[in-house]
Amino acid sequence: MRRDADRLQEIAAQEHDGSGGPDVARHLDDVRRLVVVLRLCVERDVECVFG
């Protein structure tokens, strides 16, 4: 899961030209928040269940 969080963080950190509009910006913010949650789960050894 740590590798997944690292990859998501890499994607979110890439420069984006803004051509995707507010929807893409919102998705990138969501990805950044997800990275925080994933890192906390790994750090605290908590299982993440997505469904």
Side-chain angles (χ1 to χ4, degrees):
M1 190 172 349
R2 184 178 303 267
R3 287 181 291 178
D4 296 331
D6 291 342
R7 181 64 185 128
L8 286 172
Q9 187 171 18
E10 288 174 12
I11 292 168
Q14 292 175 1
E15 289 190 35
H16 299 278
D17 61 7
S19 64
D23 290 337
V24 171
R26 171 75 189 265
H27 289 307
L28 290 171
D29 286 340
D30 291 343
V31 166
R32 290 181 190 105
R33 289 185 187 111
L34 178 60
V35 167
V36 170
V37 170
L38 290 174
R39 290 195 185 285
L40 285 171
C41 289
V42 167
E43 179 182 304
R44 297 177 182 182
D45 196 29
V46 174
E47 181 179 5
C48 291
V49 179
F50 298 95

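Here the structure is a predicted model, which is why all the values come from computation and not from measurement.
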Would you say Asp6 and Arg39 make side-chain contact, with heavy atoms under 4.5 Å?
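Asp6 vs Arg39: side chains touch.
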A quick test of your reading: do over 12 heavy atoms of other residues, nucleotides or ligands sit less than 6.0 Å from CZ of Arg2?
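Counting other residues, nucleotides and ligands, CZ of Arg2 stays at 12 neighbours or fewer.
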With sequence neighbours excluded, residues passing side chain to side chain contact (heavy atoms under 4.5 Å, CB included) with Arg44
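Listed in chain order: Leu40, Val46.
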Taking side chain to side chain contact (heavy atoms under 4.5 Å, CB included) as the definition, give me every residue that meets it alongside Leu8, ordered by chain and number, with sequence neighbours left out.
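If we apply the side chain to side chain contact (heavy atoms under 4.5 Å, CB included) test to Leu8, skipping adjacent residues, the hits are Val31, Leu34, Val35, Leu38.
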Check ion pair Arg33-Asp29 (N to O, under 4.0 angstrom):
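The answer is no: the pair does not qualify as a salt bridge.
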